[in-house]
Q: 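Pasting a structure here, questions to come.
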2 protein chains.
Amino acid sequence: MIVCKFGGSSVANAQQIKKILNIINQEEQRKIVIVSAPGKRNSDDIKVTDLLIQLYDKVLLSEKYDNELNDILHRFESIENELGLTTSLTPLFKKQLLDFIQKYIKQPLRLLDAIKSSGEDFNAQLIAAYNNQNGIKTTYLSPKALNMIVSDEPGNAIINDDSFEKIYKVIQNIAGKIIIPGFFGVNEKGDRVTFSRGGSDITGAIISRSVHAEIYENFTDVSGIFAANPNIVENPASIHNLTYAEMRELSYAGFNVFHDEALMPLYKEGIPVNIKNTNDPDHPGTMITKSRASSGVVGVSCDSGFISINMTKYLMNREIGFTRKLLTILEDNHISYEHMPSGIDDISLIIRKNKFNDNLYELITEIKNQLNVDDISVEENIAILMIVGLGMKTQVGTANKATEAFRKNNINLKMINQGSSEISMMFGIDEADETKAVQAIYDAYFTA
Amino acid sequence: MIVCKFGGSSVANAQQIKKILNIINQEEQRKIVIVSAPGKRNSDDIKVTDLLIQLYDKVLLSEKYDNELNDILHRFESIENELGLTTSLTPLFKKQLLDFIQKYIKQPLRLLDAIKSSGEDFNAQLIAAYNNQNGIKTTYLSPKALNMIVSDEPGNAIINDDSFEKIYKVIQNIAGKIIIPGFFGVNEKGDRVTFSRGGSDITGAIISRSVHAEIYENFTDVSGIFAANPNIVENPASIHNLTYAEMRELSYAGFNVFHDEALMPLYKEGIPVNIKNTNDPDHPGTMITKSRASSGVVGVSCDSGFISINMTKYLMNREIGFTRKLLTILEDNHISYEHMPSGIDDISLIIRKNKFNDNLYELITEIKNQLNVDDISVEENIAILMIVGLGMKTQVGTANKATEAFRKNNINLKMINQGSSEISMMFGIDEADETKAVQAIYDAYFTA
């Protein structure tokens with residue numbers, strides 16, 4: 001069984017919805033479909049989820065919300081009209097929203113979760129209705145009907161361990177296609193609770209794990225994951241196959257194909273993920289698996305906005321507990337770090353600059369006073385470039401290829417970290433060199 | 001004022017003692033001299049300190065110790081005879097040792113410290129007497145006479161903070177040369193307490209700091225610090241000038257010129273250290289300073305016997321406190337690590353293999369159980385190679401020069417850590433490649 005998930009741009013209008021139904025209907029194995037709320041139809045458009053949040057804001061301020069409500073309903077109406085749906089669902093959608101407003105008016109977080117998840121929910125109902133109208137047996141299943149019970153943390157729900165089995169039992173007995181709205185589950189009482197960001201992928205992963213899917217197909221508007229950022233490198237190759245671990249290393253620095261935390265249930269079950277393009281469904285896209293046979297560099301990614309806090313203390317490496325104390329100071333300040341390269345008498349913390357709210361220099365002072373370092377300095381405007389691929393550690397000359405490319409392009413290396421991960425090399429460069437560096441590395445590994 | 005310290009080989013016999021007195025007497029500034037116990041005169045010889053420990057062992061076992069006592073006294077007698085000392089000090093030395101045995105017979109640790117420090121003490125007295133006989137006013141000063149009060153931890157004494165000022169007051173009033181035995185101080189009651197390994201250097205550093213020396217001259221049997229291990233590289237260049245920090249990075253991996261912990265008081269005061277050769281005193285040797293003007297690679301060092309414990313856990317970098325917990329496990333097991341490179345979902349601990357007494361696999365199990373890692377593996381037979389020099393971080397192509405040399409010599413790089421320290425690059429290689437790698441790097445940076 002294949003579980004398919006379609007992102008917002010794949011279900012933004014009638015034309016896109018016809019495409020996804022073609023994809024689903026042509027393949028018997030594609031039984032279960034998770035859909036997002038309609039996304040932007042063009043760059044000036046507003047996503048349905050944002051329209052829903054505008055409605056919520058008005059309700060909360062006790063202002064008139066007719067316009068906001070109508071905007072939402074019109075959006076679905078226009079999809080229905082373009083599809084030629086014989087029975088409009090819009091009156092039902094209107095009633096549903098008004099019911100939520102009445103029911104949860106004194107519970108703002110419940111109201112928010114109920115309203116903002118309606119984009120996925122209405123879209124799932126509409127798509128199921130249209131597919132049935134075309135003669136293909138299709139069932140809309142709400143998370144409530146699925147027994148998809150989650151923890152009661154609005155905006156950050158976690159699936160209950162015993163939900164997987166319950167979901168499987170519901171789905172087992174249903175013939176034909178199944179359409180499920182992404183982004184939310186229900187608490188024990190049946191109230192909607194949404195997942196964190198990447199919510200539809202979390203639904204997709206939960207369903208895939210429940211039904212022990214052969215493949216989880218993640219449809220977006222690009223043909224898989226590119227070996228380098230297409231905004232920097234012209235027409236980069238797309239990656240045919242990469243492992244979960246490789247994807248983690250790539251997604252870390254500037255790759256935002258989808259939410260990697262959502263993959264956890266898939267990773268645990270070893271279910272492969274296929275990233276595909278709704279607009280080019282015959283393209284094989286990128287397959288993400290637990291392991292892969294061939295080895296070699298699969299991609300380069302780069303992200304800016306890092307700072308490095310560099311500390312020096314004579315005889316640091318003899319001081320037992322130094323690093324632990326340093327990490328405790330960080331934890332007490334709720335600051336997470338990305339890397340912590342250390343030398344004999346030196347240690348550096350590589351941290352995303354946005355982790356600080358004007359408290360960087362307080363942290364510096366605290367470290368200085370508590371750890372009695374000889375010297376502490378901050379280096380800003382650092383970009384982190386990752387070269388990712390299995391089998392790097394055992395190939396002579398892999399690092400040399402990269403350092404050679406940097407040298408030829410006159411790029412100074414502030415940091416190199418190779419070997420902690422078997423499958424990546426990390427380089428710290430100046431933010432100003434980011435574009436030049438990505439192009440240079442891409443050329444060295446992918447066009448030579 | 002210059003403080004000179006001479007190691008064991010520099011004061012092993014009459015010929016060497018004459019050399020050091022020439023060095024001292026030809027330069028007015030060289031007022032204070034710290035001496036070691038007589039070292040080996042040839043490779044089959046026994047150091048006086050080892051003879052003293054043999055004596056101590058016999059005493060402790062309540063066995064006859066006449067032979068051991070005589071061996072020690074004969075050694076000093078032969079030095080006196082060769083020097084042509086008119087009044088022998090040996091009867092005094094004999095009485096001193098017998099007094100210690102009587103006084104501390106019920107206090108084995110005090111007895112050990114008193115006996116094993118006598119090599120330095122007798123040698124200082126003997127050298128002072130000989131220089132006086134030659135008409136140069138010379139005073140032997142015992143640590144007791146110097147008020148060199150230390151903590152009462154036999155074999156691991158620490159200088160009291162107020163001793164520096166007291167020592168300065170004693171020395172201030174003495175004209176001519178001063179000879180001080182290295183390796184020990186006295187507790188508040190006047191009992192001898194020895195320093196840890198590198199003890200004579202600790203004495204030298206304490207005295208230098210007390211008198212605010214211009215230079216601390218450390219005389220050994222090599223002309224300074226070499227840029228690479230002379231057992232690997234034929235006739236390596238010696239380093240003219242390096243900083244304390246550079247020396248730390250070099251001494252870490254296989255350089256054992258002298259004990260860097262001993263340098264702490266000098267480092268704090270910014271007193272330069274000059275490593276010189278007793279057998280070639282006109283050679284400028286190596287000057288160790290707090291900073292230096294020129295920059296560039298100064299040396300390469302390499303040490304084997306490391307293992308790497310590699311851990312992988314999906315989403316590790318999102319898990320707050322992971323590294324702190326890992327370090328707490330290490331601390332609880334009293335295991336110190338050398339490096340801890342980390343990736344997104346990976347972390348490695350580089351540890352000297354000799355830190356473990358058959359408890360490596362217990363530690364692995366503890367980490368596995370407590371931190372729930374997906375995968376943990378141990379890589380053995382790792383050598384760490386360091387390339388050291390100021391200004392590396394800002395030079396384009398520094399890393400490339402190294403990786404190029406490794407590639408050309410078919411050396412696989414298991415690890416690279418550059419940038420945590422401004423002044424070094426660390427490479428992890430297979431122990432089998434150690435010799436080839438040191439030669440390759442030396443050739444790349446020092447002969448090209």
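Below, chains carry the letters A, B, ... as their sequence lines are ordered, and counting in each starts from 1. Quick caveat, the model's predicted, so the values are computed rather than measured. Heavy atoms only: backbone and side chains are in, while hydrogens, waters and symmetry mates are out.
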Q: Quick check: do B/Glu249 and A/Asp346 have side-chain heavy atoms less than 4.5 Å from each other?
A: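 Side-chain contact under 4.5 Å: yes.
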Q: Quick check for you: among B/Thr403, B/Thr328, B/Ile347, which has the greatest number of heavy-atom pairs under 4.5 Å with chain A?
A: B/Thr403
Q: What part of A/Glu404 is in contact with chain B, defined as an atom under 4.5 angstrom from a non-hydrogen atom: side chain, backbone, both or neither?
A: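 Both parts, backbone and side chain.
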Q: Between atom CZ of B/Arg324 and atom CD1 of A/Ile329, what is the distance when rounded to the nearest 0.5 Å?
A: 12.5 Å
Q: Once you round to the nearest 0.5 Å, how far does CD1 of A/Ile416 lie from CZ of B/Phe427?
A: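 Result: 6.5 Å between the selected atoms.
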Q: Rounded to the nearest 0.5 Å, what separation is found between the CG atom of A/Asp374 and the NZ atom of B/Lys268?
A: 7.0 Å
Q: Measuring heavy-atom distances to chain B, does A/Glu319 have an atom under 4.5 Å in its side chain, in its backbone, in both, or in neither?
A: neither
Q: Can you tell me which portion of A/Asn310 sits under 4.5 Å from chain B's heavy atoms? Options are side chain, backbone, both or neither.
A: side chain
Q: Output the distance between atom CD1 (B/Ile344) and atom CD1 (A/Ile384), rounded to the nearest 0.5 Å.
A: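 Rounded to the nearest 0.5 Å, the CD1-CD1 separation comes to 9.5 Å.
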Q: Any heavy-atom pair between the side chains of A/Tyr267 and B/Leu315 that's under 4.5 Å?
A: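 Not in contact.
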Q: Does A/Lys368, at its NZ atom, have more than 12 non-hydrogen atoms belonging to other residues, nucleotides or ligands within less than 6.0 Å?
A: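 Count not over threshold, so no.
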Q: Give a yes or no answer on whether the side chain of B/Gln418 reaches the backbone of A/Leu413 with a donor-acceptor pair at less than 3.5 Å.
A: yes
Q: Answer with side chain, backbone, both or neither: which region of A/Ile411 has an atom nearer than 4.5 Å to a non-hydrogen atom of chain B?
A: backbone
Q: Count the heavy atoms of every other residue, nucleotide or ligand shown that sit under 6.0 Å from CG of A/Asp161, and state whether that count exceeds 12.
A: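 Count not over threshold, so no.
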Q: What are the two closest non-hydrogen atoms of B/Asn417 and A/Ser342, and how far apart are they?
A: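 Smallest interatomic distance, heavy atoms only, reads ND2-O, 2.9 Å.
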Q: What part of A/Ser424 gets closer than 4.5 Å to chain B, counting heavy atoms only: side chain, backbone, both or neither?
A: neither
Q: What are the two closest heavy atoms between A/Gly343 and B/His339, and how far apart are they?
A: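 For A/Gly343 versus B/His339, the nearest heavy atoms are CA-CE1, 4.0 Å.
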